[in-house]
Novice: 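The following block contains the structure, expressed as structure tokens.
Quick note: numbers below take in every heavy atom, side chains included, and nothing from hydrogens, waters or symmetry partners. Order of the sequence lines fixes the chain letters, A, B, ..., with proteins taken first and strands second; residue numbering starts at 1 for each chain.
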Amino acid sequence: MSRVVGFIDLDAYYCACEVKQKPSLLAGKPLAVCMYETWKKSPDRSADMDRIVKSGGAGLIAVSYEARAMGVKRQMSANEARKACPELITVMVPTKNGKADLSLYKENGEKVVEILQEFAGIVEKRSVDEVALDVTDAAQKLLETTPKELVARQAVNVSHFADSEISLKASKISHEAARRGHEGQHEYTKNDDDEKNHLLKYSSFDYLLLAGAVVINNARKAVRERLGFSCSAGIAANKMIAKVGCGLHKPNQQTIVFPRSVAVLLKDLPLNRLPGLGGDLGNRISSQLNITTAGGLANISRSILLNAGFQDADNLLAAANGTLDEPVKNRANYKSFGSSKTFYKHPITNLTIADQWLSNFAQEIFDRIKNDRNQRNRAPTNVTISITTDKSHVTRTEKVHIGWSDSPQPIVRSAHRLLRRWAGTRTAHLDIVVLGLGVSNFIDLPANKASVMDLLTRNPLHQSKKPSSSAEIMQPSKKKRTIAELLYQQATTSTKKTTTVGKKDSSFFPSSNIDPEVFAQLPPEIKAELLDDRTRLLRQSAPSLGNSHLEQRQVKKKKKTATTTIDSFFAPRRPR
DNA sequence: CATTTTGACGCT
DNA sequence: AGCGTCAA
């Protein structure tokens with residue numbers, strides 16, 4: 001079944017967020033965003049403070065289109081950029097606890113996703129500024145209520161087409177130039193080539209794409225009007241081509257790629273502009289097979305690819321032909337998040353300092369957990385530290401119970417333990433160049449804010465009405481169950497067997513709402529919390545916890561990934 | 001002085 | 001669980 005996919009990319013996104021913060025000062029100005037002012041320690045500057053920096057040589061991570069027009073490019077150092085454009089305004093990213101604080105951009109990005117969800121049934125958040133939408137259903141509905149000729153006219157008025165002269169010119173520029181922006185991209189101009197399409201006879205699927213383009217245009221308009229962010233988009237029959245199409249015309253424009261235009265679009269497209277081939281794999285393909293374009297790869301036979309050691313030949317060819325069809329994932333929020341910092345030329349040398357940074361990271365992460373938890377009734381169960389030294393990069397992970405806890409301490413303690421697990425007996429000369437902390441493996445929590453008590457009751461007072469998004473990534477564990485998993489099990493399934501109740505434990509809980517087996521495994525502080533809860537409940541003479549029906553949580557089994565594709569189109573399989 | 005700070009995912 | 005790759 002053919003789908004209609006829209007791929008949306010926010011224009012000069014970090015700059016746009018800064019303009020939104022201070023429109024009177026920044027709107028319409030050549031603007032760039034850099035990470036820090038200097039490598040020296042300086043006071044934190046929050047999002048609402050003045051963050052304009054006049055000196056400092058940090059690399060630019062975002063450049064407004066006004067600045068690009070003056071020759072400023074991403075990755076230039078700020079000093080270099082000021083030479084190219086003396087009136088350039090450079091803004092540094094907010095800082096908090098001595099590190100970059102990207103929450104301004106993350107929070108705005110989440111608002112964008114919320115709006116886009118009104119326009120598409122399936123929404124895949126791909127990064128802070130990129131979203132893929134499956135708008136097949138919305139496009140179909142539009143065609144049911146509006147004459148297709150009218151839909152086509154609307155779409156043509158607001159879209160480019162991939163086979164137009166200017167689109168094809170844009171398709172030929174290099175990966176690097178395309179990423180740095182400007183060259184080959186345009187302010188909004190439509191030439192006659194686009195209009196010719198309007199005279200063509202459209203297939204019924206073409207009409208569906210045109211309808212999708214109208215939907216996407218409406219979505220972009222909503223984002224612009226409600227949040228002030230402009231974005232660009234591609235519309236095509238699959239995610240990969242939609243993304244390529246999205247890159248053809250920026251800013252604030254959209255491009256339709258009809259199936260019949262795919263071949264000509266890919267013919268001269270630099271190979272490394274194909275999603276997933278921008279790195280090592282793409283380089284090896286280029287050099288070993290002596291090709292430079294997607295069209296070139298499409299002309300290589302499957303057997304030659306296999307002989308050259310590229311085991312993923314089928315998917316590579318599908319990508320080169322524009323037929324790779326990775327479905328838009330139904331995931332509008334993060335599966336993990338974290339906090340990290342590079343200690344440029346001043347590595348962390350001892351445990352105490354590392355502990356302090358980990359505590360900072362934990363605090364920041366916990367703030368995000370609280371927001372996420374309130375919105376989605378979920379909490380992470382894994383904590384991972386990540387440590388890079390000159391010689392190595394390692395991660396260490398352990399389980400953590402967070403639930404509705406109101407303290408970052410569990411994360412802090414985990415992080416400190418994990419640090420020691422990595423350091424072993426060494427306490428000095430750690431030479432940590434990059435230190436990071438993250439959380440992942442979210443589980444659903446009972447729908448309302450509640451104490452740990454609810455997680456342990458056989459007949460929970462609160463149950464999620466609908467599975468939250470994290471339900472789709474849950475899987476029943478076949479391995480030894482962790483405490484967190486036991487808790488989850490207790491909270492969400494009815495207990496069929498009667499557990500052997502240890503007399504000592506059961507005496508704590510006359511109503512037998514707590515599984516003593518579970519209770520016994522709990523860390524002391526949680527046991528304490530439970531006992532507190534119990535006395536509170538007894539004082540309030542809690543109503544019977546009742547029983548009757550329990551919702552059986554539906555847990556989708558994680559699909560066994562038998563074969564790797566050139567993936568989700570971003571993580572190609574490594575040939576052996 | 002300077003490609004930082006994130007995030008997803010495949011392989012083993 | 002841990003490592004490596006790709007990407008914005």
Novice: Would you kindly give the CZ-to-P distance between A/R126 and C/dC6, to the nearest whole Å?
Specialist: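 Distance check: A/R126 CZ to C/dC6 P gives 15 Å.
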Novice: Looking at every strand, decide which applies to A/I61 at a 4.0 Å heavy-atom threshold: base, sugar-phosphate, or nothing.
Specialist: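 Nothing, no heavy atom under 4.0 Å.
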Novice: Tell me, which of residues 32-40 of chain A have any heavy atom that sits under 4.0 Å from an atom in DNA chain B?
Specialist: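 The stretch gives A/M35, A/Y36, A/T38, A/W39 as the residues lying under 4.0 Å from the strand, ordered by number.
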Novice: Could you tell me whether A/K22 atom NZ has more than 12 heavy atoms of other residues or ligands within 6.0 Å of it?
Specialist: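 Counting neighbours around NZ of A/K22, more than 12 heavy atoms of other residues, nucleotides or ligands fall under 6.0 Å, so yes.
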Novice: Which value, in whole Å, describes the distance between the P atoms of nucleotides B/dA2 and C/dA8?
Specialist: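 Per the computed distance, 25 Å lies between those P atoms.
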Novice: Are side-chain N/O atoms of A/R396 and A/T384 paired as donor and acceptor at under 3.5 Å?
Specialist: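 Side chains of A/R396 and A/T384: no pair found under 3.5 Å.
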Novice: Measure CE/A/M92 against C1'/B/dT4 and give the value in whole Å, please.
Specialist: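 The distance from CE of A/M92 to C1' of B/dT4 comes to 14 Å, rounded to the nearest Å.
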Novice: B/dC9 C1' sits how many Å from A/K329 NZ, rounded?
Specialist: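 So the two atoms are 9 Å apart, to the nearest Å.
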Novice: Rounding to a whole Å, what distance do you find between A/F361:CZ and B/dG7:P?
Specialist: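 Taking atom P of B/dG7 as the reference, CZ of A/F361 is at 13 Å.
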Novice: Think A/S336 has a side-chain N or O under 4.0 angstrom from the OP1 or OP2 of B/dA8?
Specialist: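 Yes, because at least one side-chain N or O of A/S336 sits under 4.0 Å from OP1 or OP2 of B/dA8.
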Novice: Is it true that A/N79 and A/S77 share a donor-acceptor pair across their side chains at a distance under 3.5 Å?
Specialist: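 Side chains of A/S77 and A/N79: no pair found under 3.5 Å.
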Novice: Can you figure out which of B/dT5, C/dA8, B/dC9 approaches the side chain of A/R331 most closely?
Specialist: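 The answer is B/dC9.
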Novice: Verify the contact: side-chain N or O of A/T395 to OP1 or OP2 of C/dC3, cut-off strictly under 4.0 Å; return yes or no.
Specialist: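 For A/T395, the contact criterion (side-chain N or O under 4.0 Å from OP1 or OP2 of C/dC3) is met.
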Novice: Could you go through A/D9 and A/Y13, starting from their C-alpha distance and side-chain angles, then the distance that decides it, and tell me whether this counts as side-chain contact (heavy atoms from CB on, under 4.5 Å)?
Specialist: CA-CA 9 Å; A/D9 187 280; A/Y13 178 58; over 6 Å; no
Novice: Look at the side chain of A/D280 and decide which nucleotide, out of C/dA8, B/dA2, C/dC6, has an atom nearest to it.
Specialist: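 In terms of side-chain proximity for A/D280, the closest of C/dA8, B/dA2, C/dC6 is C/dC6.
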Novice: Rounded to the nearest angstrom, tell me the gap between atom CZ in A/R74 and atom C1' in C/dA7.
Specialist: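 In whole Å, C/dA7 C1' and A/R74 CZ are 10 Å from each other.
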Novice: Between A/F442 and A/F337, is the ring centre distance below 6.0 Å?
Specialist: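 When the ring centroids of A/F442 and A/F337 are compared, they turn out to be within the sub-6.0 Å range.
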Novice: Whole angstrom is fine here: how far is it from NZ in A/K243 over to C1' in C/dC6?
Specialist: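 Distance check: A/K243 NZ to C/dC6 C1' gives 11 Å.
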Novice: Please tell me which of the listed nucleotides, B/dT3, B/dT5, C/dA1, lies nearest to the side chain of A/N382?
Specialist: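 From the listed options, C/dA1 comes nearest.
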Novice: Can a side-chain donor-acceptor contact be found between A/K399 and A/N382 if the only test is distance below 3.5 angstrom?
Specialist: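 Yes, side-chain donor-acceptor contact under 3.5 Å.
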Novice: So A/V394, base contact, sugar-phosphate only, or nothing? Heavy-atom distance under 4.0 Å.
Specialist: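 Sugar-phosphate, no base atom in range.
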Novice: Once you round it to whole Å, what is the distance between P of C/dA8 and NZ of A/K73?
Specialist: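 After rounding, the gap between these two atoms is 18 Å.
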Novice: Starting the side chain at C-beta, find the nucleotide from C/dG2, B/dA2, C/dA8 nearest to A/K345.
Specialist: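 The closest nucleotide is B/dA2.
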Novice: Phosphate oxygens OP1/OP2 of B/dC9: is one of them under 4.0 Å from a side-chain N or O of A/K335?
Specialist: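 For B/dC9, OP1/OP2 do have a side-chain N/O of A/K335 under 4.0 Å.
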Novice: Tell me what A/G59 touches on the nucleic acid: a base, only sugar-phosphate, or nothing, going by heavy atoms under 4.0 Å.
Specialist: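 No contact.
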Novice: Check A/K29 with A/E87, please: is the shortest side-chain N to carboxylate O separation under 4.0 Å?
Specialist: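 The answer is no: the pair does not qualify as a salt bridge.
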Novice: Are A/S77 and B/dA2 close enough that a side-chain N or O sits under 4.0 Å from OP1 or OP2?
Specialist: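 Looking at the OP1 and OP2 atoms of B/dA2, neither is under 4.0 Å from any side-chain N or O of A/S77.
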Novice: Just compare B/dT3, B/dT6, C/dA1 and give me whichever is closest to any side-chain atom of A/E364.
Specialist: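 Comparing B/dT3, B/dT6, C/dA1 against the side chain of A/E364, the answer is B/dT6.
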Novice: If I take atom OH in residue A/Y13 and atom P in nucleotide B/dT6, what distance separates them, rounded to the nearest angstrom?
Specialist: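 In whole Å, B/dT6 P lies 14 Å from A/Y13 OH.
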Novice: Starting from the 5' end of DNA chain B, give me the residue, A/T342 or A/K125, whose nearest nucleotide shows up first.
Specialist: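 Here A/T342 is the residue nearer the 5' end.
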Novice: Can you figure out which of C/dA8, C/dA1, B/dT6 approaches the side chain of A/K99 most closely?
Specialist: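 Taking heavy atoms from C-beta onward, the closest nucleotide is B/dT6.
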Novice: For A/D268, is there an ion pair with A/R273 - N to carboxylate O distance below 4.0 angstrom?
Specialist: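 A/D268 and A/R273: not salt-bridged.
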Novice: Verify salt bridge (Lys or Arg N to Asp or Glu O under 4.0 Å) between A/K96 and A/D44, making sure each step is shown before the conclusion.
Specialist: CA-CA 5 Å; A/K96 194 176 175 183; A/D44 287 339; over 6 Å; no
Novice: Side chain of A/Y344 only, please: which of B/dA2, B/dT5, C/dC3 is the nearest?
Specialist: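 Looking only at heavy atoms from C-beta outward on A/Y344, the closest nucleotide is B/dA2.
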